[in-house]
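Basis for what follows: all heavy atoms, side chains included, without hydrogens, waters or symmetry-related copies. First the proteins, then the strands, lettered A, B, ... as listed; each starts at 1.
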Amino acid sequence: MAEASSAEGFRTELRNWLEANCPAEMRDGGMTEDGICWGGKDWVFTSDAQKDWLERCAAKGYTVPTWPVDYGGAGLTRDQEKIFHEEMGRINARSPLQSFGIWMLGPALLHFGSHDQKLEYLPPIARGEVRWCQGYSEPGAGSDLANVQTYGEDKGDHWLVNGQKIWTSYADKADQIFALVRTDREASKHLGISFLLIDMEDAGVETRPIKMISGISPFCETFFTDVKVPKLRIVGTENRGWDVAKYLLTHEREMISGGGAGLSGGGRALGAVLADTMETLDATLRADAMRCEIDALAIGLTLERYKDQAEAGQGAGDASAMLKYMGTELNKQRHELMMTAGGSAALEWDGDVGNRAGDWLRTKANSIEGGTSEVMLSIVSRRVLGLPA
Amino acid sequence: MSKLVLTEEETMLADMARGFLDGAAPVSAFRKMRDAGETHDAKLWKEMADMGWAGVLVPEEAGGSDMGFAAANVIAQEMGKTLVMSPFLSTAVIAATALRQVSDARAQEALARIASGDVTYALAVDEGIKHNPDAVAMEARADGNGFRLTGNKTFVVDGAMADRLLLLARTAEGLTLFDIPADRAGITRTKSNMIDARDAAKIDFADVEATGEDVLGQVDSAMAILKPALNAGQAALAAEMAGLAAGAFGMTVGYLKERKQFGTEIGRFQALQHRAAHLWCETEVTASAILNAGRMLDSDPENAELAVSLAKAKATATATLAVQEGVQMHGGIGMTDAYDMGFYMKRARVGAEWLGDYSYHAERVAALRGF
């Protein structure tokens with residue numbers, strides 16, 4: 001009972017805080033590309049409200065509610081986190097800040113970083129002052145990610161890095177990159193990789209946006225030419241970066257899978273999206289939408305279940321591969337349905353139904369980025385089912 | 001805040017149930033009963049009652065173990081894994097939940113008899129080929145202080161063996177639920193020859209006499225009692241089907257590891273690995289829906305309908321996939337009567353239909369989600 005009353009106490013306190021501090025303009029869900037605040041050194045706020053909202057949340061630790069207070073978070077328990085999302089959702093509040101620092105590097109640093117590294121890198125992520133990007137894939141290292149060839153030559157106090165990364169999301173807008181770099185060419189491919197932190201302003205770092213089928217360029221190629229990376233800027237142990245990479249991938253996969261369930265990050269129920277056109281929908285389309293909604297609800301519950309299991313100290317095994325596969329495949333279906341429901345109106349770039357076509361095309365990458373659906377199924381097959389490789 | 005993770009007690013209950021059922025009711029026991037044309041094992045049911053399963057939803061003051069809906073789901077799931085035949089769903093879940101909605105002494109006594117394993121019930125609702133309680137046509141005509149019941153019920157699960165019937169019929173101003181002995185004058189029960197080898201009956205009511213005493217709850221207000229009972233039954237059936245899917249899946253993965261073709265285990269082929277992995281993903285997602293339904297029924301039964309229909313829909317789809325993949329990946333042997341996979345397929349089909357099929361529950365989800 002004490003637990004329940006303190007939970008309700010937290011809810012009341014939070015509700016009052018949100019009422020006083022969340023600007024009216026920030027209460028629209030705001031999941032469009034324009035509504036998202038990515039932060040970073042060069043970030044231009046789209047409104048005063050966006051700036052105020054970020055600063056007020058950062059001061060309370062609410063940009064990263066479950067991180068420890070020392071590192072910029074609010075130190076919330078799992079129950080409090082649930083309440084936090086419920087209350088944010090209740091007023092349809094925008095997420096104050098989204099970033100790869102929050103979703104990917106942060107969890108990896110919390111697990112593998114030294115205390116000094118956590119103090120140095122985490123608070124600026126939490127405050128939205130530094131924007132990170134991810135340097136994983138290369139032209140010859142896609143599904144076979146451990147085949148990275150970008151090379152860091154040992155120069156005593158630093159590595160001299162040369163090579164090329166691809167599909168580096170928002171590299172052209174990022175301040176820093178966390179990258180997989182081969183530091184031992186003699187070792188087997190998983191045991192010669194280090195996880196390095198590189199400043200995008202360093203001499204020798206160059207980015208080039210790639211125009212995608214959706215018409216925009218969220219991805220880049222990133223080139224490193226004789227870039228000096230100090231030895232301090234490594235996470236984990238030299239040549240054991242694959243451990244960090246894999247750990248981070250589980251977080252990346254959970255992040256990508258959330259979009260499919262439409263639950264994390266303010267996604268709306270498919271029924272609500274289609275409500276306007278429901279009258280005109282054919283029975284077949286309606287049936288497909290219902291099936292999609294059922295799967296979305298069940299996947300959303302599975303995200304919750306795994307978090308509850310983790311908190312109870314029960315390992316969920318290779319859950320992230322499962323969630324990534326199920327969530328992204330579902331998200332593609334959702335967007336196919338939304339395109340069909342939109343009819344010819346959905347076929348125009350930025351037409352009456354917004355950027356529905358661009359969003360639809362973007363989802364096609366979901367089942368590729370962060371490990372393809374086929375790689376996810378192979379992971380489940382080997383590690384969960386124990387089928388022979 | 002109730003968590004989507006099994007409690008220590010629930011984990012122990014699952015382990016205990018598994019241990020008991022592996023000994024007392026493995027699939028080979030089901031096969032023996034099927035071969036002998038039997039649909040009820042009274043000794044097994046008595047043992048289940050002694051373990052508190054018959055009284056899982058009966059209050060302690062009436063002699064039950066009152067473990068709750070999530071616990072009932074745990075038991076049903078373990079039964080599903082080895083296709084256990086028992087009156088658990090009809091009697092311990094559906095009838096007990098219905099009786100719990102009524103506080104009179106007669107209901108308390110009935111609950112006590114359920115908990116002790118001394119009475120079995122069957123729910124007689126369906127009249128057509130599809131589950132649709134609202135459309136019930138069977139008439140309970142007012143006659144003096146009582147009623148005369150006339151009409152036909154079909155797909156009455158456990159209807160041939162049950163001691164008593166929960167019967168839904170139309171009265172002057174609505175629907176009314178009756179609790180009557182199954183052998184009352186004017187009742188004719190015909191056992192159906194079901195594909196899953198279980199008890200289901202067609203029941204004919206010819207001017208059957210009922211008194212006000214036979215009415216469960218209020219006249220014209222059946223749904224106040226029936227709805228919670230149906231929700232509980234649907235959730236437990238979903239749990240049974242999730243267990244069934246897990247059982248079929250376990251057999252299939254085992255076979256992939258042992259069967260050799262082209263000089264190697266067939267589980268080495270990526271085409272089969274990915275299908276098996278996809279099936280596992282579906283069973284994981286379904287498990288979440290089942291657990292959530294149990295939690296909602298225990299903590300907020302008034303608002304559990306979405307969770308229940310989600311669970312039943314998802315479990316139906318997953319069990320259907322599991323048995324289809326099960327037969328396909330076993331190849332020819334999966335088609336033989338000597339092999340158990342066919343039992344899973346036939347039970348999955350019956351479970352899919354009972355208490356509302358996928359479409360029925362998808363429509364309920366859609367209605368509750370603003371479609």
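- No more than 12 heavy atoms of other residues, nucleotides or ligands shown are found within 6.0 angstrom of CG on A/Asp352.
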Exercise for review: Check step by step if side chain to side chain contact (heavy atoms under 4.5 Å, CB included) holds for B/Lys314 and A/Asp295.
Suggested key: CA-CA 8 Å; B/Lys314 200 64 207 156; A/Asp295 288 343; 2.6 Å; yes
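- For chain B, the nearby parts of A/Ala298 are the backbone and the side chain; heavy atoms of each come within less than 4.5 Å.
- Proximity to chain B involves both the backbone and the side chain of A/Glu374, based on heavy atoms less than 4.5 angstrom apart.
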Review point. Going through the checks in order, is the side chain to side chain contact (heavy atoms under 4.5 Å, CB included) test met by B/Val365 and A/Met290?
Key: CA-CA 8 Å; B/Val365 170; A/Met290 276 159 47; over 6 Å; no
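- A 6.0 Å sphere centred on NZ of B/Lys227 holds no more than 12 heavy atoms belonging to other residues, nucleotides or ligands.
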Check your understanding: Should A/Asp79 and B/Lys3 be marked as a side chain to side chain contact (heavy atoms under 4.5 Å, CB included) after you check the CA-CA gap, both sets of side-chain angles, and the distance that decides it?
Key -> CA-CA 9 Å; A/Asp79 283 347; B/Lys3 307 245 177 218; 2.6 Å; yes
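- B/Gln270 touches chain A through its side chain: at least one heavy atom from C-beta onward sits under 4.5 Å away, while N, CA, C and O do not.
- For A/Glu311, the CD atom sits in a packed shell: over 12 heavy atoms of surrounding residues, nucleotides or ligands are nearer than 6.0 Å.
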**Study point:** Chi angles and distances behind the side chain to side chain contact (heavy atoms under 4.5 Å, CB included) call for B/Leu4, A/Tyr306
**Key:** CA-CA 8 Å; B/Leu4 291 179; A/Tyr306 284 157; over 6 Å; no
Under 3.5 Å, which donor-acceptor pairs link side chains of residues 380-389 of chain A to any protein atom two or more places apart or in another chain?
{"unit_1": "A/Arg383", "atom_1": "NH1", "unit_2": "A/Asp318", "atom_2": "OD1", "d": "3.0"}

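- Residues of residues 238-252 of chain B lying under 4.5 angstrom from chain A, judged on non-hydrogen atoms, are B/Phe249 by number.
- Within 6.0 Å of atom CE in B/Met12, 12 or fewer heavy atoms from other residues, nucleotides or ligands are found, so the atom counts as exposed in its surroundings.
- Remark: A/His85 engages no residue in a ring pair (Phe, Tyr, Trp, His ring centres under 6.0 Å) (not counting sequence neighbours).
- Considering only heavy-atom pairs separated by less than 4.5 Å from chain A, the leading option among B/Leu272, B/Thr286, B/Val253, B/Leu310 is B/Leu310.
- Among residues two or more places apart in sequence or in another chain, the ring pair (Phe, Tyr, Trp, His ring centres under 6.0 Å) test is passed with B/His274 by none.
- Between chain A and the residues B/Gly267, B/Ala317, B/Ala289, B/Ala311, the most heavy-atom pairs under 4.5 angstrom are made by B/Gly267.
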